[in-house]
Amino acid sequence: MKNEKMKIFLVDDDALFLKSLEIDFSHHTEYLIKTFPTGEACLENLSQNPDIIILDYHLDGIDKNAIDGIETLDKIKAFNSEIPVIMLSSQDKIDVAIKCMHHHAFDYVVKSETAFMRLQKIISTISSYKKMEKELNWYMNRM
Amino acid sequence: MKASKKHDYQYTRSLIEAGLDPLITINFEGIITDINQATVEATGVLRKNLIGTEFSKYFTEPEKAGEVYKEIFEKGSVKDLTLCLRNHNGKLKDILFNGSVYKDERGKVMGVVIVARDVTEQNRIGKELLEAKIFAELATSIAEEAKLKAEDAVRSKQQFLSNMSHEIRTPMNAILGFTKVILKTELTTKQREYLSAIKISGDTLIVLINDVLDLAKVDAGKMEFAQSPFKLASSLGVVLHLFETKIQEKNLELIKEFDDQIPEVLLGDAVRLHQMLINLVSNAVKFTSKGKITISVRLLKEDKKSVSIQFSLTDTGIGIKKDNQKLIFENFQQASNSTSKVYGGTGLGLAIVKQLVEAQGGVIIVESKLKVGTTFSFTLDFMKTNQKAKPEIEYSKLDETNKSFKVLVAEDIPLNQLLMRTLLDDFGFECDIAANGKIAIDKLQNKNYDIILMDLQMPEMNGFEATVYIRNVMNLKIPILALTADVTTADLEKCKAVGMNDYLAKPVDERILYSKIVGLISTLEQDKEIISKVEKIKFTNLNYLDQRSKSNPDLMMEMISLYLEQTPVLIELMKNSLEKKDWITLGAAVHKMIPSFSIVGIHVDFENIAKRIQEYANKQQQEDEIGEMLIQLENVCLQVYEELSEDLDMIRKTKLEKNEK
């Protein structure tokens with residue numbers, strides 16, 4: 001099996017949080033990180049085939065014309081529904097979380113001190129899930 | 001020649017017969033012409049009954065089997081075809097086929113040879129592997145769930161313990177306070193006796209509750225240790241003083257050995273040290289009926305920065321059996337079950353001492369001989385310091401003060417309000433009550449007070465928020481004494497961080513309350529000039545950032561610069577949108593600001609202010625309050641801006657210096 005780096009897109013209009021997340025990820029060499037300040041910038045670069053996208057829910061707070069997190073999520077899913085998208089938000093609200101799930105987000109993480117840990121855990125879940133799927137397919141073919 | 005040919009044939013034949021894979025030859029009509037032993041075993045049909053029969057009839061899908069050999073005749077060979085064979089018992093076997101035509105010397109096709117392989121076993125293993133995998137995954141998820149549940153259970157147990165203790169403490173507070181008040185009135189001897197019994201039981205209960213709370217805190221890793229200058233010799237004196245009467249009553253001898261080499265002032269947590277020593281000394285006194293108690297404090301090691309000090313406590317008491325020596329450090333355990341019947345106690349004391357010693361990186365050991373005595377000793381490291389220890393106010397001095405002070409009490413529970421009023425009336429002080437922080441601030445705006453007694457947990461506006469407002473918005477230097485039922489050093493740090501001068505644990509000891517009130521007011525008067533020079537409390541704390549960036553100065557500078565860039569813009573945006581009553585933008589701006597607080601280590605109280613602004617903005621209400629809170633937030637951010645700019649310069653300089661080296 002090829003041991004490629006996992007390509008992760010980080011999308012957030014809060015430059016400070018984006019940077020801190022990027023720093024956290026930079027301590028781990030197995031990830032290749034690309035950051036985008038807007039949903040638009042992320043969508044333009046989907047052709048780079050990210051393995052996972054971490055997306056802020058609230059992207060249109062300051063710039064009213066910017067597209068918000070859910071719209072970006074929909075467009076990512078329209079481009080390739082296989083890309084897992086983890087939503088980020090500073091609000092710990094159940095309806096926000098449910099909305100994200102309805103729009104096929106893989107998971108929902110509240111911005112807090114533990115956010116990065118949660119993200120890491122979700123990412124490893126995604127990759128082990130993908131690996132399992134691959135192995136299962138291999139067995140299926142053999143049968 | 002003929003013999004060797006026959007020999008060749010026999011050799012080849014035996015190879016074929018020995019092969020584990022069935023070999024079959026078939027003619028044009030699909031009739032089996034030859035087979036090996038493996039075929040006989042696979043089908044379970046005798047060799048003579050197989051030869052001459054139709055090949056395809058041994059399979060679950062005869063037509064497909066017929067096609068297989070036809071395909072071989074057409075193409076010359078086939079590879080890896082699968083069929084299912086039914087043997088004479090009706091048992092099914094998965095077979096993998098490879099076959100090719102065979103020709104005579106002139107190249108004429110004579111028939112096909114088929115090599116079959118029984119893959120039933122292989123398929124079964126594959127299937128089992130897959131099932132095992134699915135089960136393993138299932139098991140993992142069940143285990144994970146169980147683990148989460150277990151962790152939750154532990155957490156809720158601790159939460160329950162600490163909540164319950166807390167809840168019990170509040171009413172106990174009132175019971176004890178009023179008991180003390182009644183004890184001061186005229187009573188008959190019997191009444192006094194009964195009330196004393198209530199008071200003693202109450203005191204015991206409070207100690208127990210505090211112990212439970214302490215244990216829960218250490219267990220949860222929430223115990224923090226202060227690093228303040230203190231005098232070890234006088235600390236020890238205070239502890240021993242507490243037991244003087246008891247020791248005299250029991251006719252014991254007390255020996256104190258104090259190493260003169262120990263520096264006078266050390267950095268550490270004097271309160272916790274007291275707690276540990278009190279627990280050990282009280283045990284020693286409790287379990288010793290004759291002889292002596294020796295407390296010795298020795299300097300073990302000393303270097304430029306720190307000292308290692310060993311505390312040992314030796315008694316000539318009942319002693320502990322070797323088997324039980326480990327047990328005594330566990331929660332709710334005593335050396336034997338009969339111990340509590342004879343001597344009382346809950347078995348928490350030593351557990352707490354051990355936890356406290358270990359949490360500070362020390363070790364505690366016990367040596368004991370039954371009926372001879374016991375020695376407990378523990379070693380702790382302390383930092384050396386040049387700072388002066390905080391002078392302790394002596395009670396006697398205070399008795400001379402006859403002045404009447406105006407005291408504002410912020411306290412929400414009516415019983416406690418009444419108790420405070422009774423105590424303060426007793427002291428001859430004037431007293432006003434505010435039921436929460438907001439009312440306290442209102443009162444402060446209309447009247448001058450000498451001191452505020454501030455409960456920490458109140459509805460509407462709690463003690464921390466009120467203090468932040470008094471210090472930062474009203475800019476008042478009035479002494480604030482925190483009243484808390486939840487005594488931890490973490491709280492103490494928080495009290496200091498928001499600008500409170502001191503704190504007092506409930507239940508309130510009236511002598512300490514009196515001395516603290518008088519002490520705070522008089523120090524304020526003395527130090528009025530000094531106070532202005534005292535270092536400003538820092539709002540930010542870069543530990544978190546340092547940790548996150550693994551102390552990489554470039555990353556830290558990047559983060560700080562981003563904060564400095566982003567925050568003023570957001571504050572400006574918030575102010576503008578408040579003016580325009582654009583609640584959505586206000587909410588969005590403050591929302592975006594929220595994560596930044598923890599990144600640069602601003603206290604969570606300010607983050608909560610921001611969260612409240614967001615809440616109000618979302619509900620489009622409390623306009624006035626939003627304005628006030630925004631001013632508060634702006635003030636904080638301005639100071640944070642200055643601090644961080646300085647920090648940024650510092651980091652840059654340090655980095656340059658390092659590079660030069």
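Letters A, B, ... mirror the listed sequences (proteins, then strands); counts begin at 1. These numbers come from the heavy atoms of this one structure, side chains and all, not from hydrogens, waters or symmetry mates.
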Exercise for review: Could you check L136(A) against L130(B) for side chain to side chain contact (heavy atoms under 4.5 Å, CB included), going step by step and ending with a plain yes or no?
Suggested key: CA-CA 8 Å; L136(A) 190 64; L130(B) 191 71; 3.3 Å; yes

Practice item. Answer yes or no: is there a side-chain heavy-atom contact under 4.5 Å between L562(B) and L18(A)? Key: no

Practice item. For L129(B) and Y139(A), work out which heavy atoms get closest and say how close. Key: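 Nearest pair, atom of L129(B) first, then Y139(A): CD2-OH, 2.8 Å.
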
Does [X] have more than 12 heavy atoms from other residues, nucleotides or ligands lying within 6.0 Å of its [atom1]?
| X | atom1 | value |
| --- | --- | --- |
| E151(B) | CD | yes |
| L148(B) | CG | yes |
| M650(B) | CE | no |
| I584(B) | CD1 | no |
| H27(A) | NE2 | yes |
| R117(B) | CZ | no |
| K127(B) | NZ | no |
| F79(A) | CZ | yes |

What part of [X] gets closer than 4.5 Å to chain A, counting heavy atoms only: side chain, backbone, both or neither?
| X | value |
| --- | --- |
| S598(B) | neither |
| E565(B) | neither |
| I594(B) | neither |
| L570(B) | side chain |
| K133(B) | side chain |

Output the distance between atom [atom1] ([X]) and atom [atom2] ([Y]), rounded to the nearest 0.5 Å.
| X | Y | atom1 | atom2 | result |
| --- | --- | --- | --- | --- |
| K19(A) | I560(B) | NZ | CD1 | 13.0 Å |
| H591(B) | S89(A) | NE2 | OG | 5.0 Å |
| M593(B) | F17(A) | CE | CZ | 16.0 Å |

Review point. Picking from V600(B), L573(B), I599(B), which has the most non-hydrogen pairs under 4.5 angstrom with chain A?
Key: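 Sorted descending by pairs with chain A, the first entry is I599(B).
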
Review point. Quick one: does K592(B)'s side chain have a donor or acceptor within less than 3.5 Å of a partner on D13(A)'s backbone?
Key: yes

Review point. Counting N and O atoms only, with roles assigned by atom type, does the side chain of Q566(B) sit under 3.5 Å from a partner on the main chain of D14(A), one being a donor and the other an acceptor?
Key: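 It does not hold such a pair.
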
Exercise for review: Side chain from CB out, backbone as N, CA, C, O: work out which of these in K111(A) comes under 4.5 Å of a heavy atom of chain B, or both, or neither.
Suggested key: side chain

